[in-house]
Amino acid sequence: MIVAGVELGGTKVLCGVGTGPDDLEEVERIPTGDPDETLAAVAAFLAGRDVAAVGVGTFGPVELRRDHPRYGTLLETPKPGWRGVDLLGPLQAVTEAPIALATDVEAAALGEGRWGAGRGARRLLYATVGTGIGAGMLSGGVFVRGPGHPEMGHIPVARLPGDDFEGVCPAHGDCLEGLASGPALAARFGRPAEELGGEHREEARRLVAGYLAMGMAAWTYTAVPDRI
(Lines give C-alpha, C1' and ligand atoms only; values in the text may rest on other atoms or scores of the structure.)
Protein backbone atom coordinates (compact mmCIF):
# COMPACT_ATOMS: atom_id res chain seq x y z
CA MET A 1 0.00 0.00 0.00
CA ILE A 2 1.50 3.33 -1.06
CA VAL A 3 1.00 6.17 1.40
CA ALA A 4 2.22 9.74 1.77
CA GLY A 5 3.79 11.09 4.93
CA VAL A 6 4.18 14.70 6.05
CA GLU A 7 6.28 15.79 9.02
CA LEU A 8 5.51 19.39 9.90
CA GLY A 9 8.32 20.65 12.12
CA GLY A 10 9.14 24.02 13.58
CA THR A 11 12.06 24.52 11.18
CA LYS A 12 11.29 22.28 8.19
CA VAL A 13 8.61 20.10 6.62
CA LEU A 14 9.49 16.70 5.17
CA CYS A 15 7.16 15.06 2.68
CA GLY A 16 7.57 11.56 1.24
CA VAL A 17 5.78 8.74 -0.56
CA GLY A 18 6.31 5.00 -0.17
CA THR A 19 5.32 1.79 1.56
CA GLY A 20 7.66 2.02 4.55
CA PRO A 21 11.05 3.29 5.75
CA ASP A 22 12.93 1.07 3.29
CA ASP A 23 10.80 2.25 0.38
CA LEU A 24 10.68 6.04 0.44
CA GLU A 25 10.84 8.06 -2.74
CA GLU A 26 10.45 11.65 -3.82
CA VAL A 27 11.27 13.01 -0.37
CA GLU A 28 10.93 16.80 -0.40
CA ARG A 29 12.11 19.30 2.20
CA ILE A 30 10.14 22.53 2.64
CA PRO A 31 11.22 25.32 5.02
CA THR A 32 8.61 26.09 7.69
CA GLY A 33 7.80 29.71 7.02
CA ASP A 34 4.55 31.56 6.49
CA PRO A 35 1.70 29.08 7.14
CA ASP A 36 -0.18 29.82 3.91
CA GLU A 37 2.92 29.39 1.76
CA THR A 38 4.15 26.36 3.68
CA LEU A 39 0.85 24.48 3.52
CA ALA A 40 0.42 25.45 -0.13
CA ALA A 41 3.79 23.79 -0.85
CA VAL A 42 2.72 20.65 1.02
CA ALA A 43 -0.58 20.61 -0.86
CA ALA A 44 1.31 20.93 -4.15
CA PHE A 45 3.41 17.90 -3.19
CA LEU A 46 0.29 15.83 -2.48
CA ALA A 47 -1.81 17.02 -5.42
CA GLY A 48 -2.48 14.35 -8.04
CA ARG A 49 -0.75 11.54 -6.15
CA ASP A 50 -2.49 8.17 -6.12
CA VAL A 51 -1.99 7.18 -2.47
CA ALA A 52 -4.14 5.08 -0.15
CA ALA A 53 -3.74 7.45 2.79
CA VAL A 54 -1.84 10.47 4.09
CA GLY A 55 -0.23 10.63 7.52
CA VAL A 56 0.57 14.02 9.05
CA GLY A 57 2.73 14.53 12.13
CA THR A 58 2.88 18.12 13.34
CA PHE A 59 4.35 20.33 16.01
CA GLY A 60 1.75 21.44 18.51
CA PRO A 61 -0.24 21.90 20.46
CA VAL A 62 -2.94 20.83 18.01
CA GLU A 63 -6.59 19.81 18.37
CA LEU A 64 -6.72 16.04 17.80
CA ARG A 65 -10.29 15.21 18.86
CA ARG A 66 -12.05 14.22 15.66
CA ASP A 67 -15.45 15.25 17.01
CA HIS A 68 -14.24 18.75 17.91
CA PRO A 69 -15.15 21.64 15.56
CA ARG A 70 -11.50 22.78 15.57
CA TYR A 71 -10.07 19.34 14.72
CA GLY A 72 -6.79 19.80 12.90
CA THR A 73 -6.24 23.36 14.13
CA LEU A 74 -3.04 24.49 15.83
CA LEU A 75 -3.74 25.89 19.29
CA GLU A 76 -1.50 28.10 21.49
CA THR A 77 1.69 27.12 19.70
CA PRO A 78 4.83 29.18 20.38
CA LYS A 79 5.57 29.08 16.63
CA PRO A 80 5.01 32.70 15.50
CA GLY A 81 2.14 33.15 13.06
CA TRP A 82 0.82 29.60 13.34
CA ARG A 83 -1.75 29.90 16.14
CA GLY A 84 -5.24 29.04 14.90
CA VAL A 85 -4.01 27.67 11.56
CA ASP A 86 -6.15 24.92 9.98
CA LEU A 87 -3.65 22.25 8.93
CA LEU A 88 -6.02 19.84 7.22
CA GLY A 89 -8.18 22.10 5.05
CA PRO A 90 -5.51 22.91 2.43
CA LEU A 91 -4.52 19.22 2.20
CA GLN A 92 -8.05 17.86 2.03
CA ALA A 93 -8.66 20.22 -0.89
CA VAL A 94 -6.12 18.39 -3.08
CA THR A 95 -6.55 14.72 -2.14
CA GLU A 96 -9.43 12.32 -1.62
CA ALA A 97 -7.24 9.99 0.45
CA PRO A 98 -8.03 9.81 4.18
CA ILE A 99 -5.70 11.91 6.32
CA ALA A 100 -4.51 10.74 9.74
CA LEU A 101 -3.23 13.43 12.10
CA ALA A 102 -0.92 13.10 15.11
CA THR A 103 1.75 15.14 16.83
CA ASP A 104 5.23 14.83 15.36
CA VAL A 105 6.46 12.85 18.35
CA GLU A 106 3.44 10.53 18.28
CA ALA A 107 4.08 9.84 14.60
CA ALA A 108 7.73 9.10 15.36
CA ALA A 109 6.72 6.80 18.23
CA LEU A 110 4.40 4.93 15.88
CA GLY A 111 7.20 4.51 13.35
CA GLU A 112 9.71 3.31 15.94
CA GLY A 113 7.13 0.94 17.43
CA ARG A 114 6.35 -0.59 14.06
CA TRP A 115 9.74 -0.62 12.34
CA GLY A 116 12.48 0.61 14.68
CA ALA A 117 13.92 0.68 18.18
CA GLY A 118 10.50 0.37 19.83
CA ARG A 119 9.52 -2.99 18.37
CA GLY A 120 8.29 -5.34 21.07
CA ALA A 121 7.76 -2.61 23.69
CA ARG A 122 4.28 -2.64 25.22
CA ARG A 123 4.58 0.95 26.46
CA LEU A 124 6.88 3.05 24.29
CA LEU A 125 7.85 6.67 24.83
CA TYR A 126 9.58 8.58 22.03
CA ALA A 127 11.30 11.88 22.79
CA THR A 128 12.65 14.49 20.42
CA VAL A 129 15.09 17.33 21.08
CA GLY A 130 15.33 20.10 18.51
CA THR A 131 13.46 23.35 17.97
CA GLY A 132 11.32 22.09 20.85
CA ILE A 133 11.40 19.17 23.26
CA GLY A 134 8.49 16.78 23.30
CA ALA A 135 7.51 13.17 23.75
CA GLY A 136 4.77 10.90 22.50
CA MET A 137 3.67 7.62 24.01
CA LEU A 138 2.11 4.41 22.76
CA SER A 139 0.46 1.84 24.99
CA GLY A 140 -0.53 -1.36 23.25
CA GLY A 141 -0.05 0.41 19.93
CA VAL A 142 -2.50 3.20 20.85
CA PHE A 143 -1.59 6.85 21.49
CA VAL A 144 -1.79 7.89 25.15
CA ARG A 145 -3.89 11.06 25.25
CA GLY A 146 -6.48 12.82 27.35
CA PRO A 147 -8.63 15.76 26.29
CA GLY A 148 -5.38 16.97 24.70
CA HIS A 149 -2.05 15.37 23.88
CA PRO A 150 0.82 15.29 26.40
CA GLU A 151 3.26 18.21 26.49
CA MET A 152 6.13 16.42 28.18
CA GLY A 153 8.73 18.99 27.15
CA HIS A 154 7.10 21.64 29.32
CA ILE A 155 7.60 19.93 32.67
CA PRO A 156 9.48 21.92 35.33
CA VAL A 157 13.00 20.75 36.12
CA ALA A 158 15.41 21.62 38.92
CA ARG A 159 18.22 24.02 38.07
CA LEU A 160 21.64 22.53 37.49
CA PRO A 161 24.29 24.04 39.77
CA GLY A 162 25.46 27.41 38.52
CA ASP A 163 22.84 27.73 35.79
CA ASP A 164 21.07 31.11 35.96
CA PHE A 165 19.80 31.20 32.35
CA GLU A 166 16.23 32.52 32.38
CA GLY A 167 14.95 30.15 29.67
CA VAL A 168 13.30 30.77 26.30
CA CYS A 169 9.89 29.13 26.58
CA PRO A 170 7.28 31.87 25.99
CA ALA A 171 4.81 30.04 28.24
CA HIS A 172 6.98 28.79 31.11
CA GLY A 173 10.42 30.31 30.79
CA ASP A 174 12.68 27.72 32.37
CA CYS A 175 10.81 24.46 31.74
CA LEU A 176 12.71 21.54 30.17
CA GLU A 177 12.21 22.92 26.66
CA GLY A 178 13.05 26.44 27.78
CA LEU A 179 16.41 25.34 29.16
CA ALA A 180 17.64 22.58 26.83
CA SER A 181 16.09 22.96 23.35
CA GLY A 182 17.97 24.14 20.27
CA PRO A 183 16.76 27.75 20.63
CA ALA A 184 17.73 27.67 24.32
CA LEU A 185 21.29 26.69 23.44
CA ALA A 186 21.44 29.34 20.71
CA ALA A 187 20.27 31.97 23.20
CA ARG A 188 22.76 30.80 25.83
CA PHE A 189 25.82 30.84 23.58
CA GLY A 190 24.91 33.31 20.85
CA ARG A 191 25.09 30.76 18.03
CA PRO A 192 23.42 27.46 17.02
CA ALA A 193 24.55 24.39 18.93
CA GLU A 194 26.08 22.77 15.85
CA GLU A 195 28.46 25.73 15.53
CA LEU A 196 29.80 25.48 19.06
CA GLY A 197 33.32 24.30 19.68
CA GLY A 198 35.71 23.62 22.54
CA GLU A 199 34.56 24.50 26.03
CA HIS A 200 31.20 25.81 24.85
CA ARG A 201 30.42 22.49 23.16
CA GLU A 202 31.25 20.56 26.33
CA GLU A 203 29.17 22.95 28.44
CA ALA A 204 26.23 22.56 26.06
CA ARG A 205 26.51 18.78 26.30
CA ARG A 206 26.58 18.94 30.10
CA LEU A 207 23.49 21.13 30.24
CA VAL A 208 21.45 19.14 27.73
CA ALA A 209 22.42 15.80 29.27
CA GLY A 210 21.61 17.01 32.77
CA TYR A 211 18.22 18.46 31.94
CA LEU A 212 17.21 15.56 29.70
CA ALA A 213 18.13 13.13 32.45
CA MET A 214 15.74 14.96 34.80
CA GLY A 215 13.04 14.92 32.15
CA MET A 216 13.43 11.22 31.45
CA ALA A 217 13.38 10.44 35.15
CA ALA A 218 10.10 12.35 35.54
CA TRP A 219 8.59 10.62 32.49
CA THR A 220 9.66 7.24 33.85
CA TYR A 221 8.17 7.91 37.29
CA THR A 222 4.83 9.02 35.86
CA ALA A 223 4.34 7.09 32.59
CA VAL A 224 6.39 3.93 33.35
CA PRO A 225 7.35 3.12 29.75
CA ASP A 226 9.06 -0.13 28.82
CA ARG A 227 11.40 1.81 26.57
CA ILE A 228 12.36 5.41 25.76
Side-chain angles (χ1 to χ4, degrees), residues 5-10 35 53-80 82-89 91-92 98-158 167-181 184 211-228:
V6 177
E7 181 201 11
L8 180 60
V54 179
V56 178
T58 178
F59 62 86
V62 60
E63 180 56 67
L64 294 175
R65 292 172 289 182
R66 288 183 173 271
D67 59 350
H68 196 281
R70 298 186 69 193
Y71 173 65
T73 299
L74 284 171
L75 304 176
E76 297 301 310
T77 176
K79 180 68 175 173
W82 283 79
R83 293 185 182 183
V85 170
D86 173 18
L87 300 177
L88 297 184
L91 310 187
Q92 291 169 331
I99 301 177
L101 179 66
T103 67
D104 47 5
V105 285
E106 287 177 333
L110 188 63
E112 291 291 346
R114 183 168 297 179
W115 290 294
R119 285 179 292 182
R122 185 180 62 86
R123 288 175 65 85
L124 171 67
L125 191 147
Y126 176 95
T128 185
V129 183
T131 306
I133 295 178
M137 188 166 175
L138 292 171
S139 182
V142 177
F143 295 132
V144 176
R145 295 174 181 162
H149 54 79
E151 287 285 359
M152 299 189 203
H154 291 284
I155 61 173
V157 289
V168 299
C169 175
H172 311 110
D174 58 354
C175 62
L176 175 59
E177 179 174 295
L179 292 174
S181 64
Y211 286 123
L212 284 181
M214 292 185 212
M216 290 185 186
W219 299 337
T220 299
Y221 297 148
T222 54
V224 200
D226 299 321
R227 195 171 304 160
I228 300 177

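Positions are given from 1, in the same order as the sequence printed here.
Side-chain contact check for W219 versus I155: some heavy-atom pair is nearer than 4.5 Å. In this structure the side chain of V129 never reaches within 4.5 angstrom of the side chain of Y211, judged on heavy atoms. Proximity of I99 to Q92: side-chain heavy atoms (C-beta onward) are separated by under 4.5 Å at one or more points. Side-chain contact between T103 and L64 is present, with heavy atoms from C-beta onward closer than 4.5 Å. Side-chain contact between M152 and L125 is present, with at least one heavy-atom pair separated by less than 4.5 Å. For the pair H172/P156, no side-chain contact is recorded, criterion being any heavy-atom separation below 4.5 Å from C-beta on.
Note that CG of D226 and CG of L138 are 11.5 Å apart. Values are rounded to the nearest 0.5 Å. Residue R145 holds its CZ atom at 14.0 Å from CE of M137, rounded to the nearest 0.5 Å. Taken from CG in L101 to OG1 in T58, the straight-line distance is 7.0 Å, to the nearest 0.5 Å. Separating the CD atom in E63 from the CG atom in L88 is a distance of 11.0 Å, to the nearest 0.5 Å. To the nearest 0.5 Å, atoms OH (Y126) and CG (L110) are separated by 12.0 Å.
Tested against L87 for a side-chain contact (heavy atoms from CB on, under 4.5 Å), the candidates V6, T73, L74, V56 yield a single pass: L74.
Open room surrounds CZ on R114; 12 or fewer heavy atoms of other groups in view lie less than 6.0 Å from it.
In this structure, R227 does not pair ionically with E112, as no charged nitrogen and carboxylate oxygen lie closer than 4.0 Å.
A side-chain donor-acceptor contact under 3.5 Å links E177 to the backbone of I133. The main-chain N or O of P61 is never found under 3.5 Å from a side-chain atom of H149 such that the two would form a donor-acceptor pair.
Side-chain N/O atoms of S139 and R123 include a donor and acceptor closer than 3.5 Å.
Across all non-hydrogen atoms, the minimal contact from L179 to D174 is CD1-O, 3.4 Å. For E151 against G60, the heavy-atom pair with the smallest separation is OE2-C, 4.3 Å. P35 approaches W82 most closely through the heavy-atom pair CA-CZ2, 3.3 Å. The heavy-atom pair separating G136 from A109 by the smallest distance is O-CB, 4.1 Å. Taking both residues in full, the closest heavy atoms of G153 and C175 are given as O-SG, 4.0 Å, listed atom of the first, atom of the second, then distance. Across all non-hydrogen atoms, the minimal contact from F143 to E106 is CE2-O, 3.3 Å.
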